[in-house]
Amino acid sequence: MSMKAFADFGVSSLRKRAALAKRVLQGPQVDLEGVIIGVGAQKSGTSWLAGALARHDDVYMRRKEVHYWDVVRYPYKGWDTMERSACNIQGKMNPFGSDPLDHSRYLPSLDYGRVSERFVSEITPSYAMCTVSTYKAMSQVHHNVKFVFLMRDPVQRLWSGIRHKMREVLKDNPGYTGLEDAFLDACENPYDPDLRRSKYDETIRNLKSAGCIYKPMFFETLFEAEALSELAAFLNVGELEGRGDKVVNAGAAYTAVLSEQAKARARQVLAPTYEFIFDMFGDSVPAAWKAA
């Protein structure tokens with residue numbers, strides 16, 4: 001397995017230059033076998049997944065988070081900003097074009113710079129909140145698009161998301177005591193994005209309704225040999241590496257402790273999600289999810 005990191009626009013070898021010139025003549029995706037899209041959930045192992053795929057010989061990843069389907073695509077308000085700021089392909093054109101309903105340049109933007117890898121990929125956790133129509137559009141960019149959805153215990157994922165969001169506040173003010181208040185505020189607001197990211201039932205229903213080929217997996221068991229083999233088989237790639245002992249995005253915010261009362265309230269709010277996952281996966285649900 002090669003140790004290449006995330007790829008960039010730069011082409012550093014004659015072999016790459018020759019491959020790219022050939023692809024310009026033949027069409028950029030002439031030998032592309034498929035597209036792998038990670039749709040979340042945030043704080044559930046997506047950074048590991050992106051790294052594992054980026055280093056894999058079968059997969060090409062220019063960058064982890066593209067944010068095309070949640071920012072660039074109509075009707076998102078960030079379209080104009082993204083249109084001005086998106087990186088140019090060869091310094092000549094916006095990689096996504098000027099029409100928010102035209103997705104024809106999305107795949108070429110992922111494919112640019114690929115040499116011999118069989119798949120292209122991106123992992124954008126906020127895609128977990130996409131609609132059915134968006135998932136349908138995503139699944140149509142290639143004849144073989146596969147989605148990976150990583151899930152962590154919903155309450156713990158919500159707490160981790162709040163801590164991550166507030167990490168700069170804690171960095172500047174180690175004595176800050178408002179984390180739990182922010183957590184409870186999210187629990188009481190059904191439109192809060194941190195809360196919505198823990199509502200896995202909505203994501204799975206939308207993926208299913210869109211007819212997507214998708215695989216939901218549990219963060220708590222993701223790094224076990226059986227799960228890694230299962231994921232590699234689903235993606236049709238060679239063996240995936242394990243996580244190792246490195247902790248991603250660690251910091252002072254992660255020493256905060258959530259009270260049992262706050263946990264209970266979040267569990268109550270997210271009860272429909274727990275019920276949906278238990279019904280769908282039965283005994284395969286990790287033990288951590290079953291704690292009261």
Side-chain angles (χ1 to χ4, degrees), residues 37-49 70 123-132 134-135 147-166 179-224 226-228 230-231 234 243 248-249 253-254 256-292:
I37 302 178
V39 296
Q42 180 204 51
K43 310 308 296 178
S44 299
T46 57
S47 292
W48 167 82
L49 178 61
D70 67 319
I123 314 291
T124 302
S126 53
Y127 289 171
M129 296 184 287
C130 285
T131 62
V132 173
T134 300
Y135 285 140
F147 297 81
V148 179
F149 183 47
L150 305 181
M151 304 176 295
R152 180 181 181 179
D153 172 70
V155 172
Q156 290 302 317
R157 196 231 62 81
L158 174 57
W159 179 228
S160 183
I162 294 294
R163 290 181 296 176
H164 182 72
K165 182 172 69 175
M166 304 293 287
L179 277 180
E180 186 162 306
D181 288 338
F183 177 88
L184 290 171
D185 286 345
C187 290
E188 303 307 324
N189 180 4
Y191 301 104
D192 185 275
D194 285 301
L195 180 65
R196 289 185 60 206
R197 288 187 177 101
S198 283
K199 293 184 176 181
Y200 309 140
D201 50 321
E202 295 182 0
T203 301
I204 292 175
R205 286 191 177 100
N206 287 346
L207 286 166
K208 185 175 181 180
S209 296
C212 296
I213 301 172
Y214 68 96
K215 186 166 189 61
M217 301 192 73
F218 295 107
F219 167 80
E220 290 84 358
T221 56
L222 179 61
F223 309 107
E224 297 176 2
E226 182 178 354
L228 291 172
E230 189 177 318
L231 179 57
F234 170 73
R243 179 177 62 174
V248 180
N249 293 330
Y254 293 87
V257 178
L258 185 65
S259 72
E260 292 302 317
Q261 292 86 349
K263 289 180 185 178
R265 177 54 185 155
R267 182 87 182 200
Q268 181 182 32
V269 171
L270 291 166
T273 297
Y274 281 97
E275 182 178 355
F276 177 90
I277 295 299
F278 285 135
D279 287 345
M280 184 174 182
F281 294 96
D283 293 338
S284 297
V285 179
W289 290 51
K290 302 172 184 177

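Numbers here are sequence positions counted from 1.
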Requested in this report: Mind running side-chain contact (heavy atoms from CB on, under 4.5 Å) on Leu179 and Leu258 for me, showing each step along the way?
Outcome: CA-CA 9 Å; Leu179 277 180; Leu258 185 65; over 6 Å; no
Requested in this report: Decide yes or no on side-chain hydrogen bond (donor to acceptor under 3.5 Å, both in side chains) for Arg157 and Ser198, but give the supporting numbers first.
Outcome: CA-CA 7 Å; Arg157 196 231 62 81; Ser198 283; 2.8 Å; yes
Report task. Show your reasoning for whether side-chain contact (heavy atoms from CB on, under 4.5 Å) applies to Leu158 and Cys187. Result -> CA-CA 9 Å; Leu158 174 57; Cys187 290; 3.9 Å; yes
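In terms of heavy atoms, Val257 sits closest to Trp159 at C-CZ2, 3.9 Å. The shortest non-hydrogen separation linking Pro154 to Tyr200 is CG-CE1, 3.7 Å. Of all non-hydrogen atoms in Phe219 and Gly45, the two that sit nearest each other are CD1-N, 3.7 Å. Pairing each heavy atom of Gly161 with each of Gln42, the nearest pair is CA-OE1, 3.9 Å. Residues Phe223 and Leu228 approach most closely at O-CD1, 3.8 Å, considering heavy atoms.
A distance of 14.5 Å separates NZ in Lys199 from CD1 in Ile204, rounded to the nearest 0.5 Å. Summarising the geometry, atom CZ belonging to Arg265 is positioned 13.0 Å from atom OG belonging to Ser259; distances are rounded to the nearest 0.5 Å. Taking CG from Leu222 and CH2 from Trp48, the interatomic distance works out to 4.5 Å, rounded to the nearest 0.5 Å. Expressed to the nearest 0.5 Å, how far CE of Met217 lies from OG of Ser44 amounts to 13.0 Å. We find the OG-OH distance between Ser209 and Tyr135 to be 11.0 Å, quoted to the nearest 0.5 Å.
At least one side-chain heavy atom of Phe278 sits under 4.5 Å from a side-chain heavy atom of Lys290. Counting heavy atoms from C-beta on, the side chains of Asp194 and Phe183 never come closer than 4.5 Å. Side-chain contact between Asp153 and Tyr274: present, with at least one pair of heavy atoms (C-beta onward) separated by less than 4.5 Å. The side-chain heavy atoms of Leu49 and Leu231, taken from C-beta on, include a pair separated by under 4.5 Å. Between Phe281 and Met151, the closest side-chain pair of non-hydrogen atoms falls below 4.5 Å. Counting only heavy atoms from C-beta outward, the side chains of Asp201 and Ile277 never approach each other to under 4.5 Å. Side chains of Val148 and Thr46 form no contact here, defined as non-hydrogen atoms less than 4.5 Å apart. Using a 4.5 Å heavy-atom threshold, the side chains of Glu180 and Leu184 count as touching.
Between Tyr127 and Phe147, the distance separating the two ring centers is not shorter than 6.0 angstrom. Ring centroids of Tyr214 and Phe149 are separated by 6.0 Å or more, keeping the two rings apart.
Within a 6.0 Å sphere centred on CD of Glu188, heavy atoms belonging to other residues, nucleotides or ligands number more than 12.
Judged by distance alone, with hydrogens and angles left aside, the side-chain atoms of Glu220 form no donor-acceptor pair with the main-chain N or O of Ala288 at under 3.5 Å. Under the 3.5 Å distance criterion, the side-chain polar atoms of Asn206 are matched with a main-chain donor or acceptor of Cys130. The backbone N or O of Ala128 lies less than 3.5 Å from no partner atom in the side chain of Arg197, so there is not a single donor-acceptor pair.
Of the options Lys165, Lys43, Arg152, a side chain to side chain donor-acceptor pair (under 3.5 Å) to Ser160 is made by Arg152 and by none of the others.
Looking at Glu202 and Arg205, no side-chain N of the basic residue comes within less than 4.0 Å of a carboxylate O on the acidic one, giving no salt bridge.
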